[in-house]
Amino acid sequence: MNIPFTKMHGLGNSYIFINVFEFPIAEEYLHDLAIIVANKDTGIGSDGLILIHPTDKADVGMRIFNNDGSEGKNCGNGLRCVAKYAYEHQLVQEKRFTIETKAGNVIAEIHGDRSKVDEVTVNMGKPILQRGQIPMLGEPEQQVIAEPFSINDNKLAVTAVSMGNPHAVFFVDRIEDAPLTTLGPIIEKDHRFPEGVNVEFIEKINEEEINFRVWERGSGVTQACGTGACASVVASILNGKLKKEKEITVHLAGGDLYITWDNNDVVWMRGKAETTVTGTFSWERNN
Ligand SMILES: N[C@@H](CCC[C@H](N)C(=O)O)C(=O)O
């Protein structure tokens, strides 16, 4: 099977994009295909696979698979890349359009022109704060703000936020000291998060900036996570560290994102989306 693809990234969080408008792929292949294309040694190399697909619920649809083959419900960096691709390839005509995700529809707005989209703003909708819907074990209607969270011998405090996908946010004094690769994988699979969780460590720099590192559910350490950046700003505001209505610069390993949680409870994300390479991937299935 020869599969046309585009590799794109948002601040180094990279995905292999397949345009399903032109190249439909059977559902049964998707899990394996994500693992295979994501492998940097034997595939193309990425944090996962994203399908850009037709839908009657929005102008364009997005499905995201992590590099372990699991399907996520939302992906902030993926959304900006899908928006760039859809506009540059004329899948949409207007600069403002809707994208369907498994977590619901979002609205994207293009900055730039047809020949090159520079940045995309996405209305990411309202964060979900009830623990039952994140989901996290415990009283379903409660919020999880700076809740004591012991893991191995570490006594942490967790703030949990869903941006359509689950995030556990922890504050650290120095981002260099974040226990990303030691505690990240353990928290990701902790029983208190029945669907697993994306794990973020945050350092507040000042009223307008935070440092951010992420261990992503299903992909491990990545250079950036759009939904994670949104969840981290929401968590910082819930903890009284930042304020609503102010655009916060989130410094991720791969670059900056600009996030605002407004007074209508809507989270806005603005940032770059870039194309790395296009090509055709030849996949010889074994069965
Ligand atoms: N990198 C993404 C999030 C991808 C999905 C996540 N790993 C999950 O399983 O929920 C982003 O930019 O938001």
Side-chain angles (χ1 to χ4, degrees), residues 7-17 30-31 34-35 37-38 45-52 62-85 99-104 106 108 119-125 127-128 133-136 160-169 180 184-185 187-190 193-202 212-235 250-259 267-274 276:
K7 180 172 176 178
M8 302 179 79
H9 71 96
L11 312 172
N13 183 203
S14 65
Y15 293 92
I16 305 306
F17 291 77
L30 296 175
H31 172 272
I35 296 171
V37 296
S46 69
D47 295 318
L49 170 72
I50 289 184
L51 305 182
I52 304 172
M62 173 185 88
R63 284 180 71 187
I64 179 253
F65 296 82
N66 295 307
N67 68 21
D68 69 354
S70 62
E71 183 165 12
K73 288 189 176 152
N74 203 1
C75 177
N77 291 321
L79 283 167
R80 297 196 315 283
C81 292
V82 168
K84 174 182 168 78
Y85 184 101
I99 304 177
E100 182 196 20
T101 74
K102 288 241 159 165
V106 302
E119 275 196 337
V120 179
T121 297
V122 184
N123 172 334
M124 297 288 286
I128 298 162
Q133 290 181 48
I134 288 170
M136 183 177 178
V161 174
S162 168
M163 291 303 306
N165 58 351
H167 296 270
V169 181
L180 196 56
I187 298 170
E188 177 198 354
K189 296 191 187 306
D190 188 89
F193 295 99
E195 295 179 8
V197 74
N198 297 288
V199 184
E200 281 90 22
F201 295 98
I202 304 303
F212 169 104
R213 293 294 180 270
V214 62
W215 175 276
E216 277 196 42
R217 175 178 70 168
S219 289
V221 174
T222 64
Q223 293 291 297
C225 177
T227 51
C230 295
S232 297
V233 168
V234 169
V250 182
H251 302 294
L252 305 100
D256 292 348
L257 276 177
Y258 307 95
I259 310 289
V267 180
W268 299 85
M269 171 188 64
R270 178 170 63 84
K272 285 187 176 171
E274 291 173 82
T276 309

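In each ligand, atom 1 is the first atom listed, and ligand 1 is the first ligand listed. What you are looking at is a predicted structure, and each value in this text was computed from that prediction instead of being measured. Values below: every heavy atom of this structure, side chains too, minus hydrogens, waters and symmetry copies.
Here the side chain of Asn198 pairs no donor or acceptor atom with the backbone of Glu216 at under 3.5 angstrom. Between the Asp68 side chain and the Ser70 main chain, a donor and an acceptor come within less than 3.5 Å of each other.
Closest approach of Ala83 to Ala108, counting heavy atoms only: CB-CB, 3.9 Å. Minimum heavy-atom separation, Leu252 to Val250: CD1-O, 3.2 Å.
For the pair Met163 and Asn165, the minimum side-chain heavy-atom distance is below 4.5 Å. By the 4.5 Å heavy-atom criterion applied to side chains, Met136 and Pro166 are not counted as neighbours. Residues Met8 and Ile50 have side chains not in contact (no heavy-atom distance under 4.5 Å, counting atoms from C-beta outward). Counting heavy atoms from C-beta on, the side chains of Leu257 and Arg80 come closer than 4.5 Å. Contact annotation: the side chain of Leu30 approaches that of Leu51 to within less than 4.5 Å [non-hydrogen atoms, C-beta and beyond].
At least one heavy atom of Cys225 sits closer than 4.0 Å to an atom of ligand 1.
Not one N or O of Lys73 is nearer than 3.5 Å to an N or O of ligand 1, by distance alone. Remark: ligand 1 and Gly226 share an N or O pair separated by less than 3.5 Å (distance only, no angle test). The shortest N or O to N or O distance between Gly76 and ligand 1 is below 3.5 Å.
With a 4.0 Å cut-off on non-hydrogen atoms, Asn13 touches ligand 1 through its side chain and not its backbone. Contacts between Asp47 and ligand 1, counted as non-hydrogen atom pairs separated by less than 4.0 Å, are absent for every part of the residue. Of the heavy atoms in Thr222, none comes closer than 4.0 Å to ligand 1. Under 4.0 angstrom from ligand 1, the non-hydrogen atoms of Asn77 come from both its backbone and its side chain. Contacts of Phe65 with ligand 1, taken as heavy-atom pairs under 4.0 Å, are absent altogether.
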Please test Tyr15 against Cys81 for side-chain contact (heavy atoms from CB on, under 4.5 Å), starting from the C-alpha separation and ending with a verdict.
CA-CA 9 Å; Tyr15 293 92; Cys81 292; over 6 Å; no

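Close contacts between ligand 1 and Tyr15 involve ligand atoms 1 (N), 2 (C), 4 (C) [criterion: under 4.0 Å to a heavy atom]. Distances below 4.0 Å separate heavy atoms of Ile64 from the following atoms of ligand 1: 4 (C), 5 (C). Within the listing of ligand 1, atoms 4 (C), 5 (C), 6 (C), 7 (N), 8 (C), 9 (O) sit less than 4.0 angstrom from a heavy atom of Asn66. Listed by number with element, the atoms of ligand 1 under 4.0 Å from a non-hydrogen atom of Asn74 are 3 (C), 4 (C), 5 (C).
When hydrogens are left out, the protein atom nearest atom 6 (C) of ligand 1 is Asn198 OD1, 3.3 Å; that is the closest non-hydrogen contact. For atom 2 (C) of ligand 1, the closest non-hydrogen atom of the protein is Cys75 SG, 3.2 Å. The closest protein non-hydrogen atom to atom 4 (C) of ligand 1 is Glu216 OE1, 3.2 Å.
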